[in-house]
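Structure first, then comments.
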Amino acid sequence: RRGARVIGAAPNYDPDHTGQIHRVFQLAREFDVDIDMHLDSGNSPEQMDIELVCELTNEYQLGGRVAVGHMCKLSTMPPTGLRAMARRIADAGVAVTVLPATELFMMGRDQEYNVRRGVADVNLLVEHGVNCSLSTNNVLNPFTPFGDVSLLRMANLYANVAQLGTEQALAGVFDMITVNAERL
């Protein structure tokens with residue numbers, strides 16, 4: 001009512017993920033605002049909320065107006081499942097932002113060795129038409145206790161974590177902090 005242009009959400013922290021996601025989409029429709037939510041942090045691909053987000057994005061005709069951040073569970077999926085999910089996300093018009101510094105600090109804490117990184121390979125998503133960006137959040141707090149807001153450093157960190165080494169792949173990473181972020 002006061003003119004906010006976007007509604008945020010963090011269903012990961014609500015015992016009723018589904019209920020919160022439905023409420024957020026209803027509010028977005030009622031006030032004609034975009035949606036930005038933290039989604040699917042976790043150590044396994046079970047119970048992913050992105051499916052519901054894609055379904056509601058289609059139902060409410062909000063393609064291009066919904067963004068999800070983190071998406072750590074994508075990093076736990078086998079390539080075949082990830083490609084299918086990438087097509088689903090692209091078809092719905094949902095954008096994905098990964099936060100490498102936060103994911104690296106928070107994920108895999110349940111493991112003592114061979115610790116998972118929790119950073120989704122969004123290059124594969126981009127190849128399937130998903131608008132993906134890289135960012136940083138929560139700098140100098142319990143989720144991301146180190147770093148700054150340099151997106152160049154974040155791009156470098158992501159390229160190392162995703163083990164990218166070709167010119168084309170690196171150009172795609174820099175698109176994620178410029179062109180793709182602007183589109184978002």
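This is a predicted model, so every value here is computed, not measured.
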Query - Hydrophobic cluster (4.5 angstrom, side-chain heavy atoms) - remaining members for Val179 - result: none
**Report entry** With sequence neighbours excluded, residues passing salt bridge (Lys or Arg N to Asp or Glu O under 4.0 Å) with Arg29
**Finding:** none
Report task. For Thr97 and Ser133, test the side chains for any donor-to-acceptor distance below 3.5 angstrom and give the result as yes or no. Result -> yes
Query raised in the report: Can Gln168 and Thr166 be counted as having a side-chain donor-acceptor contact under 3.5 angstrom?
Result: no
**Report entry** CD (Glu30) with more than 12 external heavy atoms under 6.0 Å
**Finding:** yes
Requested in this report: Decide yes or no on side chain to side chain donor-acceptor pair (under 3.5 Å) for Thr76 and Ser44, but give the supporting numbers first.
Outcome: CA-CA 6 Å; Thr76 68; Ser44 73; 5.9 Å; no
**Report entry** Results of salt bridge (Lys or Arg N to Asp or Glu O under 4.0 Å) for Asp148 - residues two or more places apart only
**Finding:** Arg153
Requested in this report: Output every pair passing ring-ring contact (aromatic ring centres under 6.0 Å, His included) with a member in residues 151-184, not counting sequence neighbours, ordered by first then second residue.
Outcome: none
Report task. Any chance you could pull the hydrophobic cluster mates of Leu140, using side-chain heavy atoms under 4.5 angstrom and chaining through other members? Result -> Val139, Val149
Query - Contact list for residues 106-134, test ring-ring contact (aromatic ring centres under 6.0 Å, His included), sequence neighbours left out - result: none
**Report entry** Listed partners of Glu51 passing salt bridge (Lys or Arg N to Asp or Glu O under 4.0 Å), at least two apart
**Finding:** Arg88
Report task. Please list all pairs passing the ring-ring contact (aromatic ring centres under 6.0 Å, His included) test where one or both residues lie in residues 57-79, with sequence neighbours left out. Result -> Phe25-Tyr60, His38-His70
Report task. Please list, chain by chain and in numerical order, all residues satisfying salt bridge (Lys or Arg N to Asp or Glu O under 4.0 Å) with Asp36, sequence neighbours excluded. Result -> none
Report task. Please check if atom CD in Gln111 has more than 12 non-hydrogen atoms from other residues, nucleotides or ligands closer than 6.0 Å. Result -> yes
Report task. Sequence neighbours left out, what pairs pass salt bridge (charged side-chain N to carboxylate O under 4.0 Å, His left out) with at least one residue falling in residues 62-87? Result -> Asp32-Arg65, Asp34-Arg65
**Report entry** ILVMFWY cluster membership beyond Val115 - transitive side-chain contacts under 4.5 angstrom
**Finding:** none
Report summary line: So the salt bridge (charged side-chain N to carboxylate O under 4.0 Å, His left out) pairs with at least one residue in residues 115-139 (sequence neighbours excluded) are Asp110-Arg116
